[in-house]
Every structure is written in C-alpha cells, then in structure tokens.
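Okay, structure first, notes after.
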2 protein chains.
Amino acid sequence: MLTISSLDATDIAILKLLQIDASLTHKEISFQLRKSVATVHERTRRLKEQGYIKAVVAILDRKKIDRSLIAFSQVLLNDHSAETLGSFEREVSKYPEVMECFQMTGAFDFILRIATSDMDAYHDFYRHKLAILPYIKTVESFFVLSQTKSDTAYPL
Amino acid sequence: MLTISSLDATDIAILKLLQIDASLTHKEISFQLRKSVATVHERTRRLKEQGYIKAVVAILDRKKIDRSLIAFSQVLLNDHSAETLGSFEREVSKYPEVMECFQMTGAFDFILRIATSDMDAYHDFYRHKLAILPYIKTVESFFVLSQTKSDTAYPL
DNA sequence: ATTGAAATGTAGGAAAC
DNA sequence: GTTTCCTACATTTCAAT
C-alpha cells in the first residue's frame, strides 16, 4: 500500500473516487467515507489548492467527435542542443492534432500522440505541419488499431 | 471548422468548455454562451446520455502521487491469433501499472503506457509482470524525460 | 482538523411558448 | 428546442469542539 507524504487515508480515498468520477457530490463521498460533508469539502479544497488535483475534465468519446485515428509518432532530431529541443517542443505543441509530447530516452527524441479524423487528415498533418519543422532527422509513425485499456486514474 | 453529425454550435461550445473544466456550473456556461441555464442543462444531459461525454474525472499531478516515471513499452508477440492477442490484452490490462494498452499497426503489436514510482518499480513490473506473460517475443521500453504537452481535450 | 447547522447557490423537473 | 418558474439538493460558510 502506498503512502504519500502529507496525504492521509481520507485524502487518498477522496482522490481515488474523484479520479474515477469527479461528478460525485460531497454528500455521496462523505457517505462512502463516513465523514461529514464539511470535512470532504475542506479536504477537496486543500487537494486542489495544493495541486494534487490539477483539473476536473470531461472525457469525450473520440470516435463520436471525429477523432477516430490515433497515431504515435517517434521523432529523431539531428541536433540536440537545448535550443533545438526547446524550439521543437514549442512548435509541435502549438498544433491541435498533438495531444501529448514526450521527450524520451533511447533511440529517438520525442513521442507525439496525434489525434486526427482519419488517415487523410494524419497525412496532411504529417506533410504540412510535422515534416516541415527544422532539425527533423526521422519520423516513424504507428497507428492505433484498437485501444484496450484507457485509464486516466493512477492507482493509489 | 469541424462539424459533427447531430451536434450544433451550442453542443460543441459546451463540450469545448467541459473538456477544459468540467467543474464549471451550468450558470457559468450559460453566461459564456449567452443561453439560458435550462438550455445548458438539457444539452449536457443529452451529451451524457448519448455518450459524447464518457466520464468526468479529476486529473492528478502524477509527480505528487509517486508516479514520477512514465514508460512506453513496445511489445511484439510471436503469435498473432485472435486468442493470443486477446489474452495478452486481458492479462496486461489487469496490471495497475498499465495506464493504457494500444494494439498497433507496424513493427510491433502493442504499445503500453506504464506509470510507476521510479526505475526500480518499473524493473519489478517488467521482470515479474510483463516479461512472464506468454507469447512475448520482444519488449522495447522508452522512458519519458519530460512531458511538454499533456492534453485530454480534443480540438473541436 | 472535524462537526452540525444555517445561508446561499445550483441542479433538475414541469409546464408554456 | 427554448424559456420561466419552482422545488429539492448541493455547496459553502461559520461558530464550536
């Protein structure tokens, strides 16, 4: 079992619940945890204020909003100065198709997670937005056939 | 500009807002969109009922809850029957370290997104949980040095 | 830090347009 | 599909422990 500095069992229980369903009311949470509503209120206020909870967001069904294709693109740059890395990150992060950008260890420099409507849209993105960025040596792209597990909740 | 079958401009505007901050009240949304509260209420009810909104979740700061290390592990199996693929997906999805599991096109079969506290914990996961699964031919792991962009909101 | 209770604000439902 | 009205419920504050 995990213990996290400055979080007690009540905090962790609240985070567990809110990671799964943040539309739970304080009343429902307080019932489940056998605490008062005011306590739950105070704890969640603190968890937000201290940055444990970064955001409360709606997760959409991407297939219903015309983002059926997910690609992972592995990018290798041909220059690894801090300026080049930083400028690549900044430029690529501006594109709405880029959901996530990770700088990586290993055989390439970045993994991008790209969401588009279909292969045509990915192709457009690749040709007109990604490939034109300077300092790119190689891009390898892999496409999602199916997504078996999709969790935003970390185990606690 | 995107149009999505059966969603009008108001629906899309509501989804845009809720993807960023689902703790907005209907009153705040109705003010921003210059619509009545009841309209916003009815629209959000429909968007949930029809499955556009799959969930409302709290996004935690993973570094504060001891999930500092993210790995992408690319797995190649040595058998591609439906049973083997399915059984791998099922087994791997049971592990709490596995946040996401994607079946892929291309040079390998799956990408896993693994969240652990540190390299030791990843190593444990790799040796005792991932590598012991049957039908695994190769696993290549890449580790996140830094995460520049991290969006759960799709552009609409 | 936690509680119950009071005050304020919001959600959710009904009926009319 | 949108509005206004109404009631029930949820959030937030506060005094006390």
Side-chain angles (χ1 to χ4, degrees), chain A residues 1-61 63-66 152-154 156, chain B residues 1-66 152-156:
Chain A
M1 188 46 170
L2 181 70
T3 50
I4 298 163
S5 59
S6 88
L7 294 187
D8 68 9
T10 304
D11 292 320
I12 290 173
I14 290 172
L15 290 177
K16 266 189 186 174
L17 291 171
L18 292 180
Q19 277 199 115
I20 304 297
D21 183 1
S23 68
L24 287 172
T25 64
H26 293 172
K27 194 180 173 183
E28 289 166 319
I29 295 169
S30 69
F31 177 77
Q32 288 195 47
L33 304 188
R34 278 147 245 261
K35 297 276 172 182
S36 75
V37 172
T39 297
V40 172
H41 178 70
E42 172 58 17
R43 294 302 191 104
T44 54
R45 193 199 60 70
R46 244 192 64 243
L47 290 166
K48 281 179 191 170
E49 188 214 20
Q50 298 186 350
Y52 288 94
I53 297 172
K54 287 202 297 186
V56 172
V57 304
I59 303 294
L60 307 190
D61 185 334
K63 300 204 173 165
K64 293 204 170 185
I65 54 163
D66 198 34
T152 53
Y154 295 100
L156 288 176
Chain B
M1 188 47 168
L2 179 71
T3 50
I4 297 165
S5 60
S6 86
L7 294 187
D8 68 8
T10 304
D11 292 317
I12 289 173
I14 290 171
L15 290 178
K16 266 189 189 174
L17 290 172
L18 293 181
Q19 278 198 114
I20 304 297
D21 184 0
S23 68
L24 288 172
T25 64
H26 292 171
K27 194 180 176 185
E28 288 166 321
I29 295 169
S30 69
F31 177 77
Q32 287 196 47
L33 304 187
R34 277 148 248 262
K35 297 277 170 181
S36 76
V37 173
T39 297
V40 173
H41 176 70
E42 172 56 17
R43 296 305 189 99
T44 53
R45 191 198 61 72
R46 244 192 64 242
L47 290 166
K48 279 178 192 170
E49 188 214 19
Q50 298 185 351
Y52 288 94
I53 297 172
K54 287 203 297 185
V56 173
V57 303
I59 303 294
L60 307 191
D61 185 334
R62 65 181 167 81
K63 300 202 176 168
K64 293 204 172 187
I65 54 163
D66 198 34
T152 54
Y154 295 99
L156 287 176

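What's counted below: heavy atoms across the whole structure, side chains too, no hydrogens, waters or symmetry copies. In what follows, every chain begins at residue 1, and chains take the letters A, B, ... in the order their sequences are listed.
- For A/His41 and D/dT11, the shortest distance from a side-chain N or O to OP1 or OP2 is not below 4.0 Å.
- Of all heavy-atom pairs between B/Ala22 and B/Val56, the closest is CB-CG1, 3.7 Å.
- Atom CG of A/Leu47 is separated from atom P of C/dA1 by 13 Å (rounded to the nearest Å).
- The CZ-P distance, from B/Phe31 to C/dG9, rounds to 16 Å in whole Å.
- Across the protein-nucleic acid pair, A/His26 atom NE2 and C/dA11 atom P stand 13 Å apart, rounded to whole Å.
- Straight-line distance from the CD atom of B/Glu42 to the P atom of C/dT10: 20 Å, rounded to whole Å.
- Between the CZ atom of A/Arg45 and the P atom of D/dA10 there is a distance of 22 Å, rounded to whole Å.
- Of all non-hydrogen atoms in B/Gln19 and B/Thr152, the two that sit nearest each other are OE1-O, 3.8 Å.
- Regarding B/Lys35, its NZ atom lies at a distance of 13 Å from the P atom of D/dT4, rounded to whole Å.
- Between B/Asp8 atom CG and D/dT2 atom C1' there is a gap of 12 Å when expressed in whole angstrom units.
- Side-chain atoms of A/Ala38 lie closest to D/dT13 of the nucleotides C/dT2, D/dT13, C/dG13.
- We find that B/Arg43 and B/Asp11 are joined by a salt bridge, their nearest charged nitrogen and carboxylate oxygen being less than 4.0 Å apart.
- Atom CZ of A/Arg34 and atom C1' of C/dG4 are 19 Å apart (whole Å).
- The two atoms that bring A/Ala153 and A/Ile20 nearest to each other are CB-CD1, 3.8 Å, heavy atoms only.
- Between C/dA1 and A/Arg46, no contact under 4.0 Å exists linking OP1 or OP2 to a side-chain N or O.
- Between A/Glu42 and A/Arg45 there is a salt bridge, since a side-chain N of the basic residue sits under 4.0 Å from a carboxylate O of the acidic one.
- Look at B/Thr39 and you won't find any side-chain N or O under 4.0 angstrom from OP1 or OP2 of D/dG1.
- Side-chain proximity of A/Ser36 to C/dG12, C/dT2, D/dT13: nearest is C/dT2.
- Out of C/dT10, D/dA10, D/dT11, the shortest distance to the side chain of A/Lys27 is found at D/dA10.
- OP1 or OP2 of D/dT2 has at least one side-chain nitrogen or oxygen of B/Arg43 nearer than 4.0 Å.
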